[in-house]
J.: 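Starting off with a structure, shown below.
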Amino acid sequence: DVKVTQSSRYLVKRTGEKVFLECVQDMDHENMFWYRQDPGLGLRLIYFSYDVKMKEKGDIPEGYSVSREKKERFSLILESASTNQTSMYLCASSRLASSGANVLTFGAGSRLTVL
Amino acid sequence: GQQLNQSPQSMFIQEGEDVSMNCTSSSIFNTWLWYKQEPGEGPVLLIALYKAGELTSNGRLTAQFGITRKDSFLNISASIPSDVGIYFCAGKRGSGNTGKLIFGQGTTLQVKP
């Protein structure tokens, strides 16, 4: 029972191309997140969203934008892809938490290579 | 920037051995989480810790929330080949929905049958 789906598992793009990474969750979660994963650096937060049409910058937002037009869908956009954006991108979602941690459910990841 | 130091970076052990890994921070966290990522998959939550000093088990896994609230430990007893993967710690400083998770660099575990 797949709960967070990232539509593209592997992508190869050229420098300067516009790239869309799509993520859909079926758990009716309020929160959605985009992380990038690089060896030795762990997971770093790019953007997150608490609600439809709301977005907040994470730790490394430069070069990225996001869109949340529907509750279940959170898109990551690379306006002009660069080679240093070659990475594994992980989408996650969580319930709105009044206390305690945001327990994240992750998708399987999208591995992007920019040539 | 990165605020969690996770060690060791990698481990290669024999099946049946016990494993220990830890995360430390210069900042206090209110919550610690441990995730496991298997090859080709996203991370999956193993254990969540909400109180300083808390010790929680999940099968052969045991994790502790350090008393100082600046560290956490994960132990795996009697390792088996399916324990292979990358283990991440994550800490949260804020309360409610506004706090963000900060992840460690990960510990890559390989188990030799």
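A note on names: the letters A, B, ... follow the listed sequences, proteins ahead of strands, and every chain is numbered from 1. Keep in mind that this is a model prediction, so the values were computed, not measured.
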J.: Kindly write out the residues that satisfy side chain to side chain donor-acceptor pair (under 3.5 Å) with A:Lys55, not counting sequence neighbours, or none if the list is empty.
T.: none
J.: If you check every heavy atom in residues 107-115 of chain A against those of chain B, which residues fall under 4.5 Å?
T.: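 Residues of residues 107-115 of chain A touching chain B at under 4.5 Å: A:Gly107, A:Ala108.
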J.: Got a sec, which pairs hit salt bridge (Lys or Arg N to Asp or Glu O under 4.0 Å) with one end in residues 16-26 of chain B, sequence neighbours left out?
T.: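 Residue pairs with at least one partner in residues 16-26 of chain B: there are none.
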J.: Between A:Gln6 and chain B, which part of the residue has a heavy atom less than 4.5 Å away: side chain, backbone, both or neither?
T.: neither
J.: Pick from B:Gly40, B:Gly42, B:Gly91, B:Pro43: which one has the most heavy-atom pairs with chain A under 4.5 Å?
T.: B:Pro43
J.: Provide the full list of salt bridge (Lys or Arg N to Asp or Glu O under 4.0 Å) pairs with a residue in residues 41-61 of chain B, sequence neighbours left out, each pair given once.
T.: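 For residues 41-61 of chain B, and leaving out neighbouring residues, the salt bridge (Lys or Arg N to Asp or Glu O under 4.0 Å) pairs sorted by first residue read B:Arg60-B:Asp83.
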J.: In terms of side-chain geometry, is the basic nitrogen of A:Arg44 or A:Asp38 positioned less than 4.0 Å from the acidic oxygen of its partner?
T.: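 A salt bridge links A:Arg44 with A:Asp38.
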J.: Are the side chain of B:Gln6 and the backbone of B:Tyr87 linked by a donor-acceptor contact shorter than 3.5 Å?
T.: yes
J.: Decide yes or no on salt bridge (Lys or Arg N to Asp or Glu O under 4.0 Å) for B:Lys112 and B:Glu15, but give the supporting numbers first.
T.: CA-CA 6 Å; B:Lys112 184 177 180 182; B:Glu15 181 177 1; over 6 Å; no
J.: Is B:Gln37 close to chain A through its backbone or its side chain, or both, or neither, when contacts mean heavy atoms under 4.5 Å?
T.: side chain
J.: If the plane angle is over 60° it's perpendicular, under 30° parallel, otherwise tilted; pick one for A:Phe106 and B:Phe103.
T.: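 If you compare the ring of A:Phe106 with that of B:Phe103, the planes turn out perpendicular.
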